[in-house]
2 protein chains.
Amino acid sequence: MAATTKGPDAEGKPLTLRERKKLRTRQMLIDTALEQFTEHGFDRVTLDALCDAVEVSKRTFFRTFDSKEEVALAPAHDLWTAFLRELETAEPGNSAESSAFALLRDTLLATIERMAAADGGWAQRVRRSRRLAAGAPSIDAHGLAFCDRTSAAVVELVRQRFELSGTRGPQEGLLLRLTVDILVAAFRQAMDTWVADPAEPDAAGLVRAAADACAAVPESLSLRVSPR
Amino acid sequence: MAATTKGPDAEGKPLTLRERKKLRTRQMLIDTALEQFTEHGFDRVTLDALCDAVEVSKRTFFRTFDSKEEVALAPAHDLWTAFLRELETAEPGNSAESSAFALLRDTLLATIERMAAADGGWAQRVRRSRRLAAGAPSIDAHGLAFCDRTSAAVVELVRQRFELSGTRGPQEGLLLRLTVDILVAAFRQAMDTWVADPAEPDAAGLVRAAADACAAVPESLSLRVSPR
DNA sequence: TGGCTTGTGCCACTCAGTGGCAGTATCTCT
DNA sequence: AGAGATACTGCCACTGAGTGGCACAAGCCA
């Protein structure tokens, strides 16, 4: 994936003042947006109003985000970006199973933990963001599309870093894409159960939910139906 | 799912003139749109231009479709709508396996065949539509979101018509959703291979691709990776 | 300090999408 | 067949997202 995202590149430590300022307005925009959107509803908050509140020109907003939806999705965006970074150095599990699915799952769980550790408010922001997306179709659509693009990048990266085996077809890439999509489906499922559950609003809850959802995949394929 | 879609309800035969006219403009819009979009690019065709070509007011366009993207997605839209209808009367496979996944898969394949049988140009239109979506992020996003909404409706419908078993948890609904999402992932995969393959541009090719993708799901979960 | 780069504000503009209202075509009932 | 009820359509004005261009200011690098 080309670095087309406008998010932060949290790697090189020595941030110049300019960059720090930029990050600060970005965070300002995210926080204010999440707040306003949850308070008044996504489409009842105009960008003009939002930019007014943050004291930033609309032009600047669009230099920071690609669309009104993206600011609401920033937490999810950051998660997947971090996931990709994590995947660049991830190694197949030390356990017996070294399936691609397990690798991806473990990397995702590790990423979640790392995000939460690096920023205490992260879990809350993710929940807010997800709730917003659930209520506003256009946000959800953008989120889905972003997931999809990320999936493609994941497939790319894994093929580049690892040797695939366990199949005879010439279509390892296709199988891999399916694997990634299944992981994503499980994660979305986990997200929704986590967001709906008031008991564990912290990152640990999300990790647990994600692990559960991944574990449920084989079961779900053998789920049986009978007419009632 | 409430009947919020603006698509045709191809069930009651005696179509009144009004409805026939409406359907005709709808089809006109779809055909012209697919043509113009593929020719000049999605965002280089304004709605004004499109409506001009079909000699319809923009207001009328928005009474027929919810958004500019939706007209490009109409074929996919129709497919999933038909899938839902099909599912209302589908019965678990007569074969030994009566898994939910098999039920959904078979229903989907049957729906594809039925769509193609009812309308010769259908396959071509679907290909065009999919190609458009692949090239225009905003179309793709809308398509994903629509798939998601349909998935929810499918879960709803299956839970209503069938008894689920094969699991001990109280979360059959969650498992089922996962099942549906996996089917959708497989189908999207199939779509892309089918669209990319010039050899079998007819519906039979899509059916084959979809069946293959579904069959590949278990394999994909056991796909193994090793560092290179 | 002074030039150089980079981010910002402002302005005007395009285009998707909506509400309202008046006009016309279709339906229905006798 | 004709008249009234019932869609559906066209037109117009409007909101709001998103973009291009240019002048200006703030941070950067000697």
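Residue numbers start from 1 in every chain, and the chains themselves are labelled A, B, ... in the order their sequence lines are given, proteins ahead of strands. Basis for what follows: all heavy atoms, side chains included, without hydrogens, waters or symmetry-related copies. The model shown is predicted, which means the values in this text are computed figures rather than measured ones.
Between the side chain of A/Trp194 and the main chain of A/Asp202, a donor-acceptor pair closer than 3.5 Å is present. The closest donor-acceptor contact from the side chain of A/Thr81 to the backbone of A/His77 lies under 3.5 Å. Side-chain N or O atoms of A/Gln189 include one that pairs as donor or acceptor with a backbone N or O of B/Leu174 at under 3.5 Å.
Between B/Trp80 and B/Phe187, the ring centre distance stays below 6.0 Å.
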For every nucleotide of nucleotides 4-12 of chain C, 5' to 3': is a protein heavy atom under 4.0 Å from its base (B), only from its sugar-phosphate (S), or from neither (-)?
-BBSBBB--
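Between the SG atom in A/Cys147 and the CZ atom in A/Arg188 there is a gap of 7.0 Å [rounded to 0.5 Å].
Between the CZ atom of B/Arg26 and the P atom of D/dT9 there is a distance of 13 Å, given to the nearest Å. Atom pair B/Arg20:CZ and C/dA25:C1' shows a separation of 14 Å (rounding to whole Å applied). Rounded to whole angstrom, the span from the NZ atom of B/Lys68 across to the C1' atom of D/dA17 amounts to 14 Å. The CG-C1' distance, from A/Leu15 to D/dG27, rounds to 14 Å in whole Å. In this structure, A/His142 places its NE2 atom 11 Å from C1' of D/dA17, rounding to the nearest Å. Between the CG atom of A/Leu17 and the P atom of D/dC29 there is a distance of 11 Å, rounded to whole Å. Distance, B/Asp66 CG to C/dG17 C1': 11 Å, rounded to whole Å. To the nearest angstrom, C1' of C/dC15 lies 13 Å from CZ of A/Phe62.
B/Leu17 places a side-chain heavy atom less than 4.5 Å from the side chain of B/Arg20.
Residues A/Thr107 and A/Glu86 have side chains that never bring a donor and an acceptor to within less than 3.5 angstrom of each other.
Residues from residues 30-54 of chain A lying near DNA chain C, meaning a heavy-atom separation below 4.0 Å, are absent.
A/Arg161 pairs with exactly one of A/Glu91, A/Glu88, A/Glu156 by the salt bridge (charged side-chain N to carboxylate O under 4.0 Å, His left out) rule, that one being A/Glu91.
Cation-pi check for B/Lys68 over B/Phe42 is met; the charged atom lies under 6.0 angstrom from the ring centroid and within 45 degrees of its normal.
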